[in-house]
Amino acid sequence: MSGRARPDERSLRLEAVTIALKDRVLVDLSLTVEPGTVTTVMGPSGSGKSTLLAYIAGFLPPAFAAAGTVALDGTELTALPPHRRRVGLLFQDALLFPHLSVLGNLMFALPQAVRGRERRARAEAALAEINLAGYGGADPATLSGGQRARVALMRVLVSEPCALLLDEPFSKLDADLRGQMRELVFAAARERHLPVLLVTHDATDAKAAGGPVVLL
Amino acid sequence: MLRLAPYLTIALLIGPVAAGILGVVLPAFGYLPTLGGTEFTLAHFAALIEMPGLAVSVLLSLAAGLVTTFIALLIVVLFVAGWAGTPLFRVLHSLISPLLSVPHAAAAFGLAFLIAPSGWLVRLTSPWLTGLSAPPDLLVINDPLGLAMMAGLVVKEIPFLLLVTLAALPQTDADRLSHVATSFGYGRTAGWMIAVLPRLYRQIRLPVYAVIAYASSVVDVALILGPTTPPPLAVQLVKWMNDADLAMRFLASAGALLQLGVTIAAIAIWRLAEIGFAGLGRRLAVGGYRRVGDRPVRAGAAAAMGLAAAVVLFGLLVLALWSVAGPWRFPDALPRGLTLDGWMRHLDGLARPLTITVWTGFAATVIALVLTLACLENEARTGKSGGDRALAVLYLPLLVPQIAFLFGLQVLLLRLGIDGGMAALVFAHLIFVLPYVFLSLADPWRAFDNRYAEIAAGFGKTPAAVFWRVRLPMLVAASLTAAAVGFAVSVGQYLPTLLIGAGRLPTVTTEAVALAAGGDRRVIGAYAIVQAALPFVGFWIALAVPAILYRNRRALRPAL
C-alpha cells in the first residue's frame, strides 16, 4: 500500500466542483468520501453524473468547462494526467479487454512495481478469490455476465487504486446477480478502506451502499 | 511529435496539389524559363482553342463526369431505397462490395472482352442466335460517343457509391424515418426518397463530387474503352505531355487548366441540378404524392445492380479464360484448349512491374497508415477532431483532376532532380492512398469505446501504453482493412505512375494499359488478372492476420 498519506487523509474530497456545458451548469457540489464508505450521487440521465466521474478521472471532453478541487490521498488530482490519478473505474459493462485472456486482463492491471513471477501468482490468486481459478486462459468473450462482472471488479482491485468511481455498475445485471455484486463491491471497498463514489439512477443501489446520498 | 501529425498530413494533401497547379499555371501563361518561356502571354490558350477536336474532347469529358455519376448514383439510391434490409439486398451487397477493389483498368478490360464485336457475349450467342460466323463490323468499344467508356465507369462507380451510402446510412436514422413515411401511406421507395435521401445526400456529397471529378478526367478507362478521334480531354493532354516536342508542354499546361475548368464546371452543373432536385423533392413531399406502386422501380434498380456486378465478375472470368486460352476461334464459346504458355512467356516481363507495384503500394500504404494512426491518436488524446474543414482537405486530391496537378508536380520534381525514382513514385501514390486510408480508418477508430482507455489509465498506463497495448490491438482488423484499401488504391493508379515514374518505373497497371493498343488478348488477360488479384491478396491478408492472431478471441475474430 502507498505510504504517502496518513490514514485520515485517504479520503476523496471534492471542493466547489462546478461543471458547465455552454451556459448550463450541470454539477455544483462539494463533498468528502471517507475511506471504506460509499457516497452515492443520484440524478436522472443527462444530469451530469457520468460527467462528474469523467472530471475526477481526467477525461472531461473539451466541450465542458469545469473548476474546483479534487483531492485524493491528500494529492490534488486535477493537475495530474489521468494515468497518475490512481482512480479505479467500473462501468455498467465489464469492458474486459477482448484481445487479452482473463488472466491477461488481471496482469495488465497489476502495478508495475509487481515484477516477474509475482505478477502471474498475484493474478491467479485474485482469480481464485472470485471462484474463477482455472479460468485464466479463457477468452473473456466466453464468460457469463456474472463472471465478467466479477473479473472486472477484481481487475480494478488488483490495480491498487486509491479510490473507486462506479458508473451505474449494476444496472445491466439481472436482479439476483445485482444483489451479489453490490455486496461484493461494497465489501471489497470496506476491506481495502477505499473511498467509493457511486453514480446511479437506481434508489436501491443507494440504499444498499448505505452511505450519504447526493442529488444532482 | 504526435501533435505535428495533423499538420504534416494536411501539408501532404494540400502541398502537392497546390504546387502542381502552380506548376501548370505558369507555363500555361507562357512562363517556363528552361524552355525559353520568359514572357507572360495568352498565346498558348489561343493555340489550345485552335486544336482540332478540342470542343468534342471537352464535351466527352463533361458528359463522362455527369452522365456516369448520375446513372450510378440513381441505381445505388433506388436500390438502397427499395431493398435495404431485405435478403436480396444482402446477397447483392456481398457480391458488389469486393468489386470495389477491382482496379478500373482490369474492370474496363473485362468489359471490353465481354462486349467487343468478337467478345464473349457475341461468341456465346453465335452462330445459333445471331447467325454470325465472323465478328460483326461494329464499333462497340472505342465508340465515338464514349458509351462503352461510360459503361465501364458506371460499373466501377456503383460499388464505391454503394459503400459510401451504406457507411452514411446509420447516421441518418433511416429506418425510423422511412417507417414513419411508410405509415403515412407512402410506398417504400417514395417514402425513403422523401424522408431519408435529403439527409443522406448531405453526408455523401463529397464522395459524389469525387466521382464526378474522377470520371470527367479519367485516363486509363478512356484509353481502353473510350473514343480515340478525338479522345476525352485528359487522354489528349497525356499525349501532349509526352510529346517529344517539348514546346508542346506549354499547350499541355494550358490544357491542364482547361481540364480543371471542365471538372469545376461539371461539379457546378451538378450543384445546380442538386438545388433543382431539392426543390422538386420538397414540392412532391408537400404535395403528398405517394407513389405506392413502386414495384417496377424496385425491380429495375435490383436488375441494374445485378447487371453491374455481373459485368465485372464475368469480365474477370473472361480475362482469366483468355490468359490461359489455347486456340480460340470465333465464334467458339470456349477455347479449344487451356495452356499456361502465355503465362510462361510473360512471366519474365511481369516480374519487374509486379515488384515495383508491390513495393510502391506497400511503402505508400505504410506511410499513409502511420500518418493516419498518428492523426487519430492525437485526436483521441486531445479530444479535438478536425471537423468539416479537415474532411474537405482529405478530399482535395480526389476532387482536383489528377492530370491538372500531376503534370505540374512532375515538372517541379524534375527541377528538383527527384523525378522518375522510387521515392518520387511512392510520394505521388501517397497523395491518393492517404485520403482513402484515413477515410477507411477514421470511422472505426472514432467509434472505439473510450472507456477501455479510461480504465487502462486508471491502472496507471501512460497514453503511449494505452495506444500500443489497448487501442491498436483492438483495432488491428480495422487498421489492416484500411491498409488493404490503401494498397488497392495504389495498385490501381495509372496517371501518377505514368507521369511521376516518367516511364522508367512500369507497374502492372501502366503495362496493362500500354498493352491495350496491341490487342493481344492472352497478354492483356494475364496482366489484368494480376492487376485485379493484387488488391484481393491485400484484403485476404487483412482478414487472415486477425483471424490467426485472435483465433482464441471471439470478440475480435473477423467473420470469414
Side-chain angles (χ1 to χ4, degrees), chain A residues 2 50 53-54 56-64 80-102 104-114 137-143 148 152 155-165 167-169, chain B residues 2-3 6 376-388 390 444-481 545-559:
Chain A
S2 152
S50 299
L53 296 194
I56 299 171
F59 290 102
L60 197 67
F64 292 92
L80 293 177
H83 64 277
R84 293 187 52 208
R85 297 190 181 196
R86 305 199 57 188
V87 291
L89 293 159
L90 270 185
F91 294 99
Q92 57 183 331
D93 305 292
L95 299 171
L96 300 182
F97 299 117
H99 59 297
L100 301 176
S101 65
V102 171
N105 266 276
L106 291 167
M107 288 172 68
F108 180 82
L110 283 168
Q112 268 186 325
V114 184
D139 176 2
T142 62
L143 298 187
R148 269 182 237 174
R155 182 178 64 168
V156 69
L157 292 176
V158 298
S159 76
E160 296 180 7
C162 299
L164 278 186
L165 305 180
D167 192 350
E168 311 240 9
Chain B
L2 210 52
R3 279 169 194 283
L376 291 172
E377 176 63 12
N378 182 61
E379 188 182 299
R381 288 189 197 178
T382 59
K384 288 178 210 144
S385 80
D388 287 348
W445 198 272
R446 286 172 184 153
F448 180 81
D449 189 340
N450 207 48
R451 294 177 302 171
Y452 285 108
E454 296 174 12
I455 287 174
F459 300 159
K461 303 297 178 197
T462 60
V466 172
F467 173 78
W468 290 107
R469 297 179 63 189
V470 177
R471 225 185 286 267
L472 192 59
M474 285 177 68
L475 288 163
V476 159
S479 305
L480 288 175
T481 302
V545 167
I548 295 167
L549 204 58
Y550 293 133
R551 64 192 172 283
N552 297 323
R553 298 285 176 262
R554 205 167 66 191
L556 295 177
R557 205 164 45 207

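Heavy-atom basis, side chains included; hydrogens, waters and symmetry copies ignored. Order of the sequence lines fixes the chain letters, A, B, ..., with proteins taken first and strands second; residue numbering starts at 1 for each chain. These figures come from a predicted structure and were not determined experimentally.
- Chosen from A/L96, A/L95, A/V87, A/T142, the residue pairing most often with chain B at heavy-atom distances under 4.5 Å is A/L95.
- Both the backbone and the side chain of B/A456 come within contact range of chain A, judged by heavy atoms closer than 4.5 Å.
- Taken from NZ in B/K461 to CD in A/Q112, the straight-line distance is 5.5 Å, to the nearest 0.5 Å.
- Looking at B/I455, the atoms closer than 4.5 Å to chain A (heavy atoms on both sides) sit in the backbone and in the side chain alike.
- For chain B, no part of A/A57 is nearby; none of its heavy atoms comes within less than 4.5 Å.
- Contact between B/A457 and A/F59 at its shortest, heavy atoms only, is CB-CZ, 3.6 Å.
- The residue among A/P81, A/P62, A/P61 with the most heavy atom pairs within less than 4.5 Å of chain B is A/P62.
- Side-chain contact between A/S101 and B/R553: present, with at least one pair of heavy atoms (C-beta onward) separated by less than 4.5 Å.
- Heavy-atom distances place no part of A/V158 under 4.5 Å from chain B, backbone and side chain included.
- For the pair A/H99 (side chain) and B/L475 (backbone), a donor-acceptor distance under 3.5 Å is absent.
- Heavy atoms of A/P82 lying under 4.5 Å from chain B belong to its backbone as well as its side chain.
- Side-chain contact between B/R469 and A/F97 is absent, with no heavy-atom pair separated by less than 4.5 Å.
- Counting heavy-atom pairs closer than 4.5 Å to chain B, the top-ranked of the candidates A/S159, A/G58, A/A138, A/A109 is A/A109.
- With a 4.5 Å cut-off on non-hydrogen atoms, B/Y452 touches chain A through its backbone and its side chain both.
- Only the backbone of A/L100 comes within contact range of chain B, judged by heavy atoms closer than 4.5 Å.
- Once rounded to the nearest 0.5 Å, the distance linking CG of A/D139 with OH of B/Y550 reads 11.5 Å.
- Of the atoms belonging to A/L165, not a single heavy atom falls under 4.5 Å from chain B.
- For the residue pair B/A555 and A/P98, the shortest heavy atom distance occurs at CB-CB, 3.8 Å.
- Separation of atoms CG (A/L89) and CZ (B/R451) is listed at 10.5 Å; rounding is to 0.5 Å.
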